[in-house]
There are 2 protein chains.
Amino acid sequence: MKIRDKYTCPLELIFDMIAGKWKCIIIWRLRLGKQSLAALNKDIEGINQKMLLQHLNELMDCKIVDKNTYEGYPLRVEYFLTEFGKEILSGLEVFQSIGKKYLKAEGNVIELC
Amino acid sequence: MKIRDKYTCPLELIFDMIAGKWKCIIIWRLRLGKQSLAALNKDIEGINQKMLLQHLNELMDCKIVDKNTYEGYPLRVEYFLTEFGKEILSGLEVFQSIGKKYLKAEGNVIELC
DNA sequence: CCGTATCCTCTGCGATACTG
DNA sequence: CAGTATCGCAGAGGATACGG
């Protein structure tokens with residue numbers, strides 16, 4: 001993740017925070033509540049554990065995502081959106097609905113997300 | 001620009017369309033109306049003409065941006081947002097205001113955009 | 001079940017120079 | 001002023017294996 005030293009526009013800062021192949025979909029999947037790593041890994045088609053973890057860590061660096069860790073075996077963690085993350089989510093919801101409309105106009109009938 | 005063959009989420013499609021270091025700022029700058037290439041090049045700090053053109057072309061491929069070309073010398077073109085582009089813009093406005101709020105909370109007093 | 005370390009590939013970005 | 005062509009590099013993304 002490349003956060004620049006200097007921004008001329010607030011938009012760019014937020015955008016850099018969520019730039020990355022899987023960031024937006026991770027946030028999207030966390031919209032309904034806490035998720036374990038394994039659950040995310042299973043739900044997000046095409047991702048592998050390493051990339052998931054890397055993106056989650058970057059999202060945590062930006063305070064978009066946080067996690068709870070529970071001691072004991074089997075290990076258990078819960079990733080979830082912070083309040084800041086939920087604000088970001090509200091922007092993504094706009095894109096989600098634009099995308100849905102776009103796909104429908106293109107004749108796609110896939111049932112997605 | 002990497003548009004995938006298959007999407008499980010409409011959000012990802014829209015996101016891939018505007019992924020790229022300069023895409024969102026270009027759209028942002030076009031929010032107030034038509035702009036020549038030279039004007040964009042001057043206004044967007046740090047970009048060079050080649051990258052600007054490449055990103056504009058990709059945005060045109062996705063029908064987010066369109067342009068008018070006027071014959072004669074000196075050459076003149078006008079890049080502008082399509083209706084689809086304006087929808088995308090409405091999502092970016094959310095990030096802009098989140099970013100502004102975030103920077104203010106961080107103690108930044110810069111006057112941006 | 002969570003998380004880290006290595007290694008490798010591919011492409012986004014950028015510097016530079018050139019054409020109409 | 002608008003647009004194209006080359007070339008190089010850093011870093012994002014991914015396969016795989018290992019450790020707590």
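A, B, ... follow the sequence lines: proteins, then strands. Residue 1 opens every chain. Worth knowing before you read on, the calculation uses all heavy atoms, side chains too, and leaves out hydrogens, waters and symmetry mates.
When rounded to the nearest whole Å, the span between CG of A/Asn57 and P of D/dA12 equals 14 Å. Computed from coordinates, the B/Leu75 CG to D/dA2 C1' distance equals 6 Å when rounded to whole Å. What separates CD of A/Gln35 from C1' of C/dC1 is a distance of 15 Å, to the nearest Å. Nucleotide D/dC1 holds its P atom 19 Å from the CG atom of B/Asn68, rounded to whole Å. Look at CE on A/Met17: it is 19 Å from C1' on D/dA12, rounded to the nearest Å. Taking atom NZ on A/Lys42 and atom P on C/dC2, their separation rounds to 13 Å, with Å as the unit. As a whole-Å value, the separation of B/Asn41 CG from C/dA15 C1' is 14 Å. Atom NZ in B/Lys34 sits about 15 Å away from atom P in D/dA2, given to the nearest Å.
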Please list, pair by pair, any protein nitrogen or oxygen found under 3.5 Å from a nitrogen or oxygen in nucleotides 11-13 of chain C.
| from | atom 1 | to | atom 2 | distance (Å) |
| --- | --- | --- | --- | --- |
| C/dG12 | OP2 | B/Met1 | N | 3.1 |
| C/dC13 | OP1 | B/Lys21 | N | 2.8 |
| C/dC13 | OP2 | B/His55 | NE2 | 3.3 |

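Distances were taken from every side-chain heavy atom of A/Lys67 (C-beta onward) to each of C/dC2, C/dG3, D/dC1; the shortest belongs to C/dG3. Residue B/Ser36 has its side chain nearest to D/dA2 when only C/dG20, D/dA2, C/dC2 are considered. Which of C/dG20, D/dG3, D/dG14 sits closest to the side chain of A/Asn48 comes down to D/dG14.
Using a cutoff of 4.0 Å between basic side-chain nitrogens and carboxylate oxygens, B/Glu78 and B/Lys67 are not scored as salt-bridged. Ion pairing between a basic and an acidic side chain is recognised when a charged N comes within 4.0 Å of a carboxylate O; B/Lys6 and A/Glu45 show such pairing. Of the charged side-chain nitrogens involved, at least one lies within less than 4.0 Å of a carboxylate oxygen, so that A/Arg4 and A/Glu12 count as a salt-bridged pair. With salt bridges taken as basic N to acidic carboxylate O contacts below 4.0 Å, none links B/Glu71 and B/Arg76.
Looking at B/Tyr7 and B/Asp16, their side chains do bring a donor and an acceptor atom within 3.5 Å of each other. Side-chain contact annotation: B/Tyr102 with A/Glu87, donor-acceptor N/O pair under 3.5 Å absent.
Using a 4.0 Å heavy-atom distance criterion, A/Lys23 is classed as making no nucleic acid contact. At the heavy-atom level, A/Tyr79 lies under 4.0 Å from the strands shown only through sugar-phosphate atoms. When heavy atoms are screened at a 4.0 angstrom cut-off, A/Leu37 is found touching the sugar-phosphate backbone but no base atom.
Ring-plane geometry between A/Phe15 and B/Phe95 is classed as perpendicular, the angle between the planes exceeding 60 degrees on a 0 to 90 degree scale with a lower cut at 30.
Where A/Gly46 and A/Gln49 meet DNA chain D, the nucleotide closest to each residue was compared, and A/Gly46 sits on the side nearer the 5' end.
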